[in-house]
Amino acid sequence: MRLLSFLHRQRANWLGLLGAALLVLLLVLALAGPWLGLPDPTRGDLKARMMAPTLSWAGLGAHPFGTDQLGRDILSRIIAGSRVTLTIAGSAVILGGIVGVFLGLVAGYFGGWYDRILMRLVDIQLAFPLMLLALLVVAALGPSLHNLIAVLALTSWVRYARIVRAQVLTVREREFVQAALAMGAGHARLLLRHILPNVLTPVFVVATLELARTIVLEAGLSFLGLGIQPPSPSWGRMLADGRTYIASAWWIITLPGLALMLTVLSVNLLGDWLRDWLDPRADRH
Amino acid sequence: MPRHLTSRLGEGLIAIWGVVTIVFVVSRLLGDPAVLLLPIGATEAQMHELRTQLGLDQPLLQQYLTFLLHALKGDFGQSFQFARPALDVVLERLPATALLAGCALAIGVLIGGMAGALAAIYRGSAIEGLVLLVALLGQATPSFWLGIMLILLFAVQLGWFPTGGYGEWQNLVLPSVTLACFTTASIARLLRSSMLDVMRDDYVRTAYAKGLSPRRVYIWHVGRNSLIPVITMTGILAGELLGGAAVTETVFAWPGVGRLIVQAIETKDFPVVQAGVAVVATIFVLVNLLVDLLYTLIDPRIRQES
């Protein structure tokens, strides 16, 4: 019982650690993917179609996660898909973050018209369902890697901008900013050297939440056929393909979905932990 | 109407205008509808005639102004695919979407609310641990995968519910559970942490010191005050459920607005896309106005400010 209650008190820490460990494992697998000696994720073998997962570990070539309807190895497709997903979602979160932080800084610092226009843009963005906005823009521009990153960044800048703006409004009035202003610092110096470092903390929390959301959104897009195009493996596309064989080969759809869920879970755990750690008021129960 | 609600209404109208404008611009990037509408091998003269008929030969700015004027009157043009007014096509699908979103929201508020409250009241116990674990998993499960897994289990293996379709109550069960998953988990987590925050406030200690029963304290003091962030999030989630259920609706072949817009994007049926997104954005703005109104009912502080 004492162990249980200890674990309970420490849960924010070990859950965060678990999330971080899972995420590192996923990243290592994604980075090392091509050198693991797995079968080519895009080459099918029609003689080995829809093989069920096996636990016999006779080298990784034996399809431990089974094969899909074209005889492609599911484990290597999941790992190759994680490269695609993490590249797109990671880049989109960073790009959206840079744009959002910049706009939030400008709006919060200068106020006035910049601020009013930004807040109306935020309203517009929020009233537009993200999935539909992403679908529409991808359909118009085409589902290339760059377009997907741009679209997903477009759906995520709002949250950064809002939180940074709110932070800037309070930091701007603090004494060290007023002191720097009195010493004749220019706008750029004030913003970058004095205000930016003091508003970055919540940005990291938002970034983890956005990473989780973007991963799901990317999978949803490719599930609907508007993600990265074949032959590049993607988790959403694997799920869409697996639907057809749901009654005869459960593993084709179950395993990529589990990978997706584990990824999102680990990012969420990391985000929760980061929030509790950075915000001393939150969740000290 | 209080002043801040009036200004919220104005901001909402600007938001709807912005959404409609973005859809108009992006639609023009999707391709030339004349090429899509006419059979292969149509002559240049026929294409020209159709473009004139659709007003596509006019300058873009003029097309936009005409579009806005007509949209104000609820006229988004004829659907290319259904050859009927686009708004009618969208509004026909609205009841299905509203039914699904309503059920999902009801599940989310009831179950998520109860789970969150239990976790806060019995903090430090196994109940709290269980609620938090399930909620973490619920937030991490993508809805479309959950939907397919539910189909695999309850439709294919057990045969309890149909795999998709619309009409009977059995059709409603799996899609609403799928859609409710994320909502339920989010509400449970937020209500728990919001209640734990409120429980530490001085007035709660005062209420206990006055000799009130725990039940009264929870309902009247903790409950009311911890609901405010939950209502904010429920409003946002409701807006997303009404407009963003495109994937879940696709998985279950549910004839809602989300799936209609996805199909209209695929077939490049601009009028339906424009009408659909405009309707969804309007609903989102209205839901959020409703939330603002709810605040003023629940929180006297906001009532006095306005």
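This one's a predicted model, so the numbers in the text were calculated from it and none came from an experiment. Just so it is clear: chains get the letters A, B, ... in the order the sequence lines come, proteins before strands, and each one is counted from 1.
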- Query: With a cut-off of 6.0 Å (strictly less than), are more than 12 heavy atoms of other residues, nucleotides or ligands near CZ of B/Arg93?
  - Reply: yes
- Message: Non-hydrogen contacts under 4.5 angstrom with chain B: give the residues of residues 208-216 of chain A involved, or none if there are none.
- Response: A/Val216
- Message: I'd like to check B/Val23 versus A/Phe128 (side-chain heavy atoms, cut-off strictly below 4.5 Å). Are they in contact?
- Response: yes
- Identify the two heavy atoms, one from B/Phe144 and one from A/Leu239, that lie closest to each other, and give their separation to 0.1 Å. CE1-CD1, 3.3 Å
- Task: State, to 0.1 Å, how close A/Ile124 and B/Gly18 come at their nearest heavy-atom pair, and which atoms those are.
- Result: CD1-CA, 3.6 Å
- Looking only at non-hydrogen atoms, find the nearest pair between A/Leu132 and B/Gly258 and report the distance. CD2-O, 4.5 Å
- Can you check side chain to side chain contact (heavy atoms under 4.5 Å, CB included) on B/Ile14 and A/Asp123, steps first, answer last? CA-CA 8 Å; B/Ile14 295 176; A/Asp123 283 348; over 6 Å; no
- Item | Close side-chain approach of A/Leu136 and B/Ile22, heavy atoms under 4.5 Å | no
- Item | Part of A/Leu258 within contact of chain B (heavy atom distance under 4.5 Å) | both
- Item | Nearest non-hydrogen partners of A/Ala127 and B/Val285, listed with the distance | CB-CG2, 4.3 Å
- Note on the structure: Highest number of heavy-atom pairs under 4.5 Å with chain A among B/Glu266, B/Arg189, B/Gln139 belongs to B/Arg189
- Task: Output the option from B/Val287, B/Val277, B/Leu152 having the highest count of non-hydrogen pairs under 4.5 Å with chain A.
- Result: B/Leu152
- Query: With respect to chain B, which residue among A/Ile253, A/Leu224, A/Leu262 yields the maximal number of heavy-atom pairs within a distance under 4.5 Å?
  - Reply: A/Ile253
- Taking it one step at a time, do A/Leu126 and B/Asn288 satisfy side chain to side chain contact (heavy atoms under 4.5 Å, CB included)? CA-CA 11 Å; A/Leu126 288 178; B/Asn288 278 290; over 6 Å; no
- Query: Can you name the closest pair of heavy atoms from B/Pro142 and A/Leu260 and give their distance?
  - Reply: CG-CD2, 3.3 Å
- Message: Donor-acceptor pair, distance only, cut-off 3.5 Å: does the side chain of A/Arg243 make one with the backbone of B/Val251?
- Response: yes
- Please determine, among A/Val137, A/Asn268, A/Leu130, A/Thr254, the option with the most heavy-atom pairs under 4.5 Å with chain B. A/Thr254
- Message: Give me the atom names and distance for the closest heavy-atom approach of B/Ile265 to A/Leu135.
- Response: CD1-CB, 3.9 Å
- OH of A/Tyr114: more than 12 outside heavy atoms within 6.0 angstrom? no
